[in-house]
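Structure record follows, encoded as structure tokens.
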Amino acid sequence: MPELPEVQTVVNDLKNLGLVGLTIEAAQVYWPRTVASEGDFGRIAGHAILNIWRRAKYLVFDLSGDLSLIVHLRMSGRLDLKDASETRSKHEHLVLSLEGGRELRFHDTRKFGRVWLTEDAQSVLGHLGPEPLEEGFTAASLTASLKTKQRQLKPLLLDQSFVAGLGNIYVDEALWQAGLHPTRTASSLNGAEAAKLHAAIIEVLERGLRNSGTTLGSGQGNFYSVAKRRGRNADELKVFRRDGEACPRCGATIERLIVGQRSTHVCPVCQP
DNA sequence: GTCTATGTTTGCGG
DNA sequence: TCCGCAAACATAGA
């Protein structure tokens, strides 16, 4: 569930909560499959957090001694910062004890989330495509790479090696914004359409970021950032999970369909 | 109570 | 190259 804006929000919160500079004093793994890297996870003890940043939907903690702690939240993962005295919930699968008495806890009801402790961050992050909010992602580069692909737009944009950080929500929103149908073949876009898609991707991501991410519904399984804060972006969504409602641009009824095995939302008039 | 759907990623077979 | 499917799990909602 967390896509680029949600993961960036978590990074921002962790930094605001003062984690950079703290030493990790101990680690406890309660669900071994959460740890995807080889080697003894306990060797993280004694390493300080030098920086926290994001690549695609991955959180990266630069640690002293050239170690990297990498976290992917997948569907239901969350990081909670709690006092060490608080009792552990049954969904907290990894607990890092921090200098000063607080603990960073990886909470993941569905257990799809993964963490890596590695000397070689590239082995985890190396397959990722361009960051859509960085310089290298231009209308020209997107246009050129779209031309070489015979795939449908939706599964292509969800492919993290094509462009990094988009998930189901923001892909549907970007395609609506650009007026493109999710089943269009990538290579069929003309220059103007590709440029419009480029602008739409950036716009929906930046809006999500400004709103501290998207929290759907009210249940526990939805996105909450570190300080238990909900994202405010749900109200800004134009088509995602709005099937049956009126398109905010033309008033037609939004439809839901399945594209590439993923539920997909479109305006049949704006996205022919 | 029971059934269905789920926002992610990876790997496999065709 | 590309597509479809399954798997990793638990919970919310109908």
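- Contact check on A:Glu131 versus A:Arg55 returns a salt bridge, with a Lys/Arg side-chain nitrogen under 4.0 Å from an Asp/Glu carboxylate oxygen.
- Straight-line distance from the CZ atom of A:Arg241 to the C1' atom of C:dA12: 10 Å, rounded to whole Å.
- When each of B:dT6, C:dT11, B:dG7 is scored by its nearest atom to the side-chain atoms of A:Thr109, the top-ranked nucleotide is C:dT11.
- To the nearest whole angstrom, the two P atoms, one in B:dG7 and one in C:dA14, are 16 Å apart.
- Comparing the same atom, C1', in C:dT11 and in B:dT10 gives a spacing of 23 Å after rounding to whole Å.
- With both ends at atom P, the span from B:dT4 to C:dA6 equals 15 Å, rounded to whole Å.
- Rounding to whole angstrom units, NE2 of residue A:His265 and P of B:dA5 are separated by 13 Å.
- Here the nucleotide nearest the side chain of A:Arg33, chosen from B:dT8, C:dA8, B:dT6, is C:dA8.
- A salt bridge links A:Asp159 to A:Arg151: at least one charged side-chain nitrogen sits closer than 4.0 Å to a carboxylate oxygen.
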How does each nucleotide of nucleotides 9-14 of chain B score, in 5' to 3' order, for protein heavy atoms under 4.0 Å: base (B), sugar-phosphate only (S), or none (-)? BS----
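- DNA chain C forms stems at B:2-6 with C:10-14, B:8-14 with C:2-8, each a run of 3 or more consecutive Watson-Crick or G-U wobble pairs whose two key distances fall under 3.5 Å.
- With sequence neighbours excluded, no residue forms a salt bridge (Lys or Arg N to Asp or Glu O under 4.0 Å) with A:Asp40.
- The CG-P distance, from A:Asn168 to B:dT8, rounds to 6 Å in whole Å.
- Taking the six-membered ring where the residue is Trp, A:Tyr58 and A:His72 present perpendicular rings, their angle passing 60° and hence far from 30°.
- The NZ atom of A:Lys154 lies 6.5 Å from the CZ atom of A:Arg262; values are rounded to the nearest 0.5 Å.
- OP1 or OP2 of C:dT11 has not a single side-chain nitrogen or oxygen of A:Ser76 nearer than 4.0 Å.
- Rounded to an integer number of Å, the gap from CD of A:Glu92 to C1' of C:dC9 is 18 Å.
- For A:Phe240, taking side-chain heavy atoms from C-beta onward, the closest of the listed nucleotides C:dA10, B:dA5, B:dG7 is B:dG7.
- Rounded to whole Å, the distance from NE2 on A:His91 to C1' on C:dC9 is 10 Å.
- Here side chain to side chain donor-acceptor pair (under 3.5 Å) pairs that include residues 200-211 of chain A, with residues two or more places apart or in two chains, are A:Glu203-A:Arg207, A:Asn211-A:Asn233.
- Rounded to the nearest Å, the gap between the P atom of B:dT2 and that of C:dC9 is 23 Å.
- Under the side chain to side chain donor-acceptor pair (under 3.5 Å) criterion, the residue pairs touching residues 190-199 of chain A are A:Arg184-A:Glu193, with sequence neighbours excluded.
- Rounded to an integer number of Å, the gap from A:Lys90 NZ to C:dA10 P is 8 Å.
- Aromatic ring orientation, A:His93 versus A:Trp31: tilted (interplanar angle from 30° to 60°).
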Apply side-chain hydrogen bond (donor to acceptor under 3.5 Å, both in side chains) to the pair A:Glu6 and A:Tyr170, showing each step before the final yes or no. CA-CA 11 Å; A:Glu6 290 76 32; A:Tyr170 294 98; 2.7 Å; yes
Could you run down the sub-3.5 Å N/O contacts of the protein with nucleotides 1-5 of chain C?
{"residue": "C:dC2", "atom": "OP1", "partner": "A:Gln150", "partner atom": "N", "Å": "2.9"}
{"residue": "C:dC3", "atom": "OP2", "partner": "A:Arg151", "partner atom": "NE", "Å": "3.2"}

